[in-house]
Number of protein chains: 2
Amino acid sequence: MNVDVFQTLADPTRRRIVEALKGGELAVNDLVARVDIQQSGVSRHLGILQEAGFVQVRAEGTKRLYSLRPEPFQELDAWVTGYRGLWEARLDRFGQALERRRKARMANPKPEEEPP
Amino acid sequence: MNVDVFQTLADPTRRRIVEALKGGELAVNDLVARVDIQQSGVSRHLGILQEAGFVQVRAEGTKRLYSLRPEPFQELDAWVTGYRGLWEARLDRFGQALERRRKARMANPKPEEEPP
DNA sequence: TATGTATATACACGTCCATGAATGTTGACG
DNA sequence: CGTCAACATTCATGGACGTGTATATACATA
């Protein structure tokens, strides 16, 4: 977790891996199929992503299933929050009303399922 | 604007410049005083930030006043929004209530001033 | 016009890093 | 135990990039 979030996300291949994992956990070979680099490269990128806290691993037989972890994204969200004033302050009243409704929708995208 | 947002933000010196500009527009020499690299380096970083859409320039005599632009931050915000489900979906009902109140506060930090 | 200040650009250098090829390791299964 | 499959690791290499030094450009002022 000592590696920088932005530096980790700077590589386009790493972002493609992260976006592929948005749909749920995937094995290394599945990722190799979606990112057009060698398997060794994917493994190294996954190591970097893991060290930065972006992914976690789960062994299942010989396969290693990688999935996303929320922490670095929260960190990124907190960082960009410090700059929201750049555009939110410029919204007029009508725009602010729209914005509030958009946020309400985002906080409640669909009726949430029951916790287990 | 053809340069990648993450790649632009990957450099720590560039982030220090951006954070220094959060307080408002600054001349190049002011930035040199806050970032411990040479003036030529600051100018080159500002060029990169400008090409990526992060900053804009305004000439005043021989000085060039740089200030932030909202677009790349909005782009970053939109990107991380695609991953908010990673932690928001895991909140239980109590946490969700807290989260909604936090968002309401953020959408309405204080009574907004009148537009000019 | 001459001089100083503010900023941008050119050039060279060293370092970091993403990639491919090859090899190592571990688990499954006959 | 031998073989195959899935994945990690090592090594070498080419390219990108941040930095400093030096130089160029533009503006202000005497």
Side-chain angles (χ1 to χ4, degrees), chain A residues 1-21 23-69 72 76, chain B residues 1-21 23-69 72 76:
Chain A
M1 265 265 247
N2 43 4
V3 195
D4 175 51
V5 175
F6 293 99
Q7 196 129 358
T8 306
L9 250 32
D11 184 69
T13 305
R14 234 132 49 199
R15 280 202 307 273
R16 291 194 59 185
I17 291 179
V18 166
E19 287 162 11
L21 289 176
E25 62 179 8
L26 285 178
V28 181
N29 271 347
D30 302 335
L31 290 167
V32 174
R34 312 190 187 207
V35 184
D36 56 341
I37 68 170
Q38 225 63 14
Q39 174 262 325
S40 65
V42 174
S43 277
R44 237 172 307 109
H45 280 307
L46 285 170
I48 294 173
L49 286 169
Q50 185 177 14
E51 197 163 357
F54 279 88
V55 299
Q56 61 193 163
V57 209
R58 180 172 73 85
E60 193 172 284
T62 68
K63 302 208 170 189
R64 310 266 170 129
L65 299 175
Y66 283 85
S67 54
L68 294 179
R69 282 163 48 86
L76 202 62
Chain B
M1 265 266 246
N2 43 3
V3 195
D4 176 52
V5 174
F6 293 99
Q7 195 130 359
T8 306
L9 250 31
D11 185 68
T13 306
R14 234 132 49 200
R15 281 203 304 274
R16 291 194 58 183
I17 292 178
V18 166
E19 287 161 12
L21 289 176
E25 61 179 8
L26 286 178
V28 180
N29 270 347
D30 303 335
L31 290 167
V32 173
R34 313 190 186 206
V35 184
D36 56 341
I37 67 171
Q38 225 61 15
Q39 173 264 325
S40 64
V42 174
S43 278
R44 240 171 306 112
H45 281 307
L46 285 170
I48 294 173
L49 286 169
Q50 185 177 16
E51 196 162 358
F54 279 88
V55 299
Q56 59 192 164
V57 209
R58 182 171 72 87
E60 194 171 282
T62 69
K63 303 207 170 192
R64 310 267 169 128
L65 300 174
Y66 284 84
S67 55
L68 293 180
R69 282 164 48 87
L76 202 62

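Note on naming: letters A, B, ... go to the chains in the order of the sequence lines (proteins, then strands), and numbering restarts at 1 for each one.
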Listing time: all N or O pairs from protein to nucleotides 6-13 of chain D that are below 3.5 Å?
{"unit_1": "D:dA6", "atom_1": "O4'", "unit_2": "A:T62", "atom_2": "OG1", "d": "3.3"}
{"unit_1": "D:dC7", "atom_1": "OP1", "unit_2": "A:V28", "atom_2": "N", "d": "3.3"}
{"unit_1": "D:dC7", "atom_1": "OP1", "unit_2": "A:R64", "atom_2": "N", "d": "3.3"}
{"unit_1": "D:dC7", "atom_1": "OP2", "unit_2": "A:N29", "atom_2": "N", "d": "2.9"}
{"unit_1": "D:dC7", "atom_1": "OP2", "unit_2": "A:N29", "atom_2": "OD1", "d": "3.4"}
{"unit_1": "D:dC7", "atom_1": "OP2", "unit_2": "A:N29", "atom_2": "ND2", "d": "3.2"}
{"unit_1": "D:dA8", "atom_1": "OP1", "unit_2": "A:Y66", "atom_2": "OH", "d": "2.4"}
{"unit_1": "D:dA8", "atom_1": "OP2", "unit_2": "A:S43", "atom_2": "OG", "d": "2.3"}
{"unit_1": "D:dA8", "atom_1": "N7", "unit_2": "A:Q39", "atom_2": "NE2", "d": "2.8"}
{"unit_1": "D:dA8", "atom_1": "N6", "unit_2": "A:Q39", "atom_2": "OE1", "d": "3.3"}

Quiz item: Atom CD of B:Q7 to atom P of C:dC16: distance rounded to whole Å?
Solution: 17 Å
Exercise. Looking at every strand, decide which applies to A:L31 at a 4.0 Å heavy-atom threshold: base, sugar-phosphate, or nothing.
Key: nothing
Return a table of donor-acceptor pairs under 3.5 angstrom between the side chains of residues 13-20 of chain B and protein atoms on other chains or two or more places apart.
{"unit_1": "B:R14", "atom_1": "NE", "unit_2": "B:T8", "atom_2": "O", "d": "2.8"}
{"unit_1": "B:R14", "atom_1": "NH1", "unit_2": "B:H45", "atom_2": "ND1", "d": "3.3"}
{"unit_1": "B:R14", "atom_1": "NH2", "unit_2": "B:Q7", "atom_2": "O", "d": "3.4"}
{"unit_1": "B:R14", "atom_1": "NH2", "unit_2": "B:T8", "atom_2": "O", "d": "3.4"}
{"unit_1": "B:R15", "atom_1": "NH1", "unit_2": "A:D4", "atom_2": "OD2", "d": "3.1"}
{"unit_1": "B:R15", "atom_1": "NH1", "unit_2": "B:L9", "atom_2": "O", "d": "2.6"}
{"unit_1": "B:R15", "atom_1": "NH1", "unit_2": "B:A10", "atom_2": "O", "d": "3.4"}
{"unit_1": "B:R15", "atom_1": "NH2", "unit_2": "A:D4", "atom_2": "OD1", "d": "3.4"}
{"unit_1": "B:R15", "atom_1": "NH2", "unit_2": "A:D4", "atom_2": "OD2", "d": "3.3"}
{"unit_1": "B:R16", "atom_1": "NH2", "unit_2": "B:R34", "atom_2": "O", "d": "2.6"}
{"unit_1": "B:E19", "atom_1": "OE2", "unit_2": "A:W79", "atom_2": "NE1", "d": "3.4"}

Practice problem: List the atom of B:V5, the atom of B:P72, and the distance in Å for their closest heavy-atom pair. | Solution: CG1-O, 4.2 Å
Quiz prompt | Rounded distance in Å - NE2 (B:H45) to C1' (D:dG20) | solution = 12 Å
Quiz item: Does some side-chain heavy atom of A:L21 sit less than 4.5 Å from a side-chain heavy atom of A:L49?
Solution: no
Exercise. Please state how far atom CZ in B:R58 lies from atom P in C:dT7, giving the value in whole angstrom units.
Key: 13 Å
Quiz prompt | Nearest-Å distance for atom pair CG/P, residues A:D11 and D:dC17 | solution = 12 Å
Quiz item: Is the shortest heavy-atom distance from the side chain of A:L26 to the side chain of A:L65 under 4.5 Å?
Solution: no
Quiz prompt | Contact check, side chains of A:L76 and B:F6, non-hydrogen atoms, under 4.5 Å | solution = yes
Exercise. Round to the nearest Å and state the distance from B:I37 atom CD1 to C:dA8 atom P.
Key: 13 Å
Quiz prompt | Integer-rounded Å distance: D:dG20 C1' and B:D36 CG | solution = 13 Å
Quiz item: For the pair made of CD in B:Q38 and P in C:dA12, what is the distance, rounded to whole Å?
Solution: 19 Å
Self-check item: Gap between atoms CG and C1', on B:L26 and C:dT7 respectively (whole Å)
Solution: 15 Å
Quiz item: Hey, are the side chains of A:D11 and A:I48 touching, using non-hydrogen atoms and a 4.5 Å cut-off?
Solution: no
